[in-house]
Amino acid sequence: MTIRPARASDPSEVDALYDICLRTGADGQDATGRFEDPRLLGEVYLGAYLALEPSLAFVVTSEDDRPLGYVLGVPDTTSFEERLDSEWWPALRERYPLDGVSPDSPDAGLVRQIHAPHRTEAPWLADYPAHLHVDLLPEAQGGGNGRRLLEELFDALRDHGIPGVHLGVSDTNTSAIGFYRHLGFEPLPAGSTVLGLTLD
């Protein structure tokens with residue numbers, strides 16, 4: 001398998017990455033069929049990274065260059081969230097009005113995030129300003145592919161002079177937590193499971 005930069009301007013590759021986002025969207029398990037709009041999960045957790053920080057998006061591919069997983073990152077979480085407010089969320093708010101989905105559906109939770117997005121405010125943010133998302137299909141898991149993807153991103157963040165990176169992970173995703181801890185991530189004081197890694 002090969003690690004390469006994501007082709008963020010290629011619609012077919014973007015579609016493939018949205019599909020991976022959905023197929024890993026339930027604590028790493030397949031969320032296909034869970035959402036009325038299968039692209040909604042990707043609109044919240046993937047699309048903005050490809051659009052706003054394409055140089056920090058990498059994929060692992062099969063021998064025929066089919067994406068099997070990705071890592072996405074941003075060097076500065078605060079400035080990225082500000083850009084989301086001006087460059088990403090407004091169009092999605094028009095496309096996904098609050099009253100446009102059933103209030104008890106999984107879609108509704110994502111639509112609420114679009115209209116009232118989380119802002120990262122924590123004392124540790126100065127030391128861990130970057131953040132990332134990583135998802136791999138089962139066929140790409142194991143064999144060091146996750147580590148190789150993350151190291152590609154870490155090197156790119158180091159080139160930006162970034163001192164540290166953080167990520168959020170579900171409390172119930174114990175395999176992912178174990179994987180990140182093995183890479184050197186440590187828990188950060190936060191209301192949910194947030195892990196940080198020093199890059200320098």
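Both backbone and side-chain heavy atoms feed into the values below; hydrogens, waters and symmetry mates do not.
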Looking at Asp65 and Arg7, is there a salt bridge between them, counting it only when a charged N and a carboxylate O are closer than 4.0 Å?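 Judged by the 4.0 Å cut-off on N to carboxylate O distance, Arg7 and Asp65 do form a salt bridge.
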Taking atom [atom1] of [X] and atom [atom2] of [Y], what is their separation to the nearest 0.5 Å?
X      : Y      : atom1 : atom2 : answer
Ile20  : Leu137 : CD1   : CG    : 4.5 Å
Phe80  : Leu56  : CZ    : CG    : 10.0 Å
Arg23  : Asp30  : CZ    : CG    : 6.5 Å
Tyr128 : Leu195 : OH    : CG    : 10.5 Å
Arg148 : Met1   : CZ    : CE    : 9.0 Å
His160 : Leu199 : NE2   : CG    : 12.5 Å

Test side chain to side chain contact (heavy atoms under 4.5 Å, CB included) on Arg39 and Asp15; report intermediate values, then the result. CA-CA 9 Å; Arg39 286 186 68 84; Asp15 287 345; 3.0 Å; yes
Polar side-chain atom of Glu53 near backbone of Gly73 as donor-acceptor pair, under 3.5 Å: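 Looks like no, no N/O pair under 3.5 Å.
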Looking at Tyr180, Phe58, Tyr70, which one forms a side chain to side chain contact (heavy atoms under 4.5 Å, CB included) with Val134?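 Among Tyr180, Phe58, Tyr70, the one that satisfies the side chain to side chain contact (heavy atoms under 4.5 Å, CB included) with Val134 is Tyr180.
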Identify which one of Leu40, Leu110, Leu72 satisfies the side chain to side chain contact (heavy atoms under 4.5 Å, CB included) criterion when paired with Tyr45.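 Running side chain to side chain contact (heavy atoms under 4.5 Å, CB included) over Leu40, Leu110, Leu72 with Tyr45 returns exactly one hit, Leu110.
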According to salt bridge (charged side-chain N to carboxylate O under 4.0 Å, His left out), does anything in residues 105-126 pair up with another residue at least two apart or in another chain? List the pairs.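 Counting only pairs at least two positions apart or across chains, the salt bridge (charged side-chain N to carboxylate O under 4.0 Å, His left out) contacts touching residues 105-126 are Glu81-Arg119, Asp85-Arg119.
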Mind running side chain to side chain contact (heavy atoms under 4.5 Å, CB included) on Asp135 and Leu46 for me, showing each step along the way? CA-CA 10 Å; Asp135 288 304; Leu46 169 72; over 6 Å; no
With the 4.5 Å side-chain cut-off for hydrophobic clustering, are Leu197 and Leu125 part of the same group?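 Result: no, two separate clusters.
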Going through the distances and angles, do Ile177 and Phe185 end up as a side chain to side chain contact (heavy atoms under 4.5 Å, CB included)? CA-CA 9 Å; Ile177 292 171; Phe185 281 84; over 6 Å; no
Distance alone, cut at 3.5 Å: any donor-acceptor contact between the side chains of Asp104 and Ser102?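 Result is no, nothing qualifies.
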Could you label the plane-to-plane angle of the Tyr49 and His133 rings as parallel, tilted or perpendicular, counting under 30° as parallel and over 60° as perpendicular?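 Tyr49 vs His133 ring planes: perpendicular.
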Evaluate the criterion side chain to side chain contact (heavy atoms under 4.5 Å, CB included) for residue pair His115 and Trp89; output intermediate values, then yes/no. CA-CA 7 Å; His115 287 266; Trp89 300 133; over 6 Å; no
Could I get the full list of salt bridge (Lys or Arg N to Asp or Glu O under 4.0 Å) partners for Arg158, not counting sequence neighbours?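 Testing Arg158 for salt bridge (Lys or Arg N to Asp or Glu O under 4.0 Å), a comparison that skips the adjacent residues, returns Asp155.
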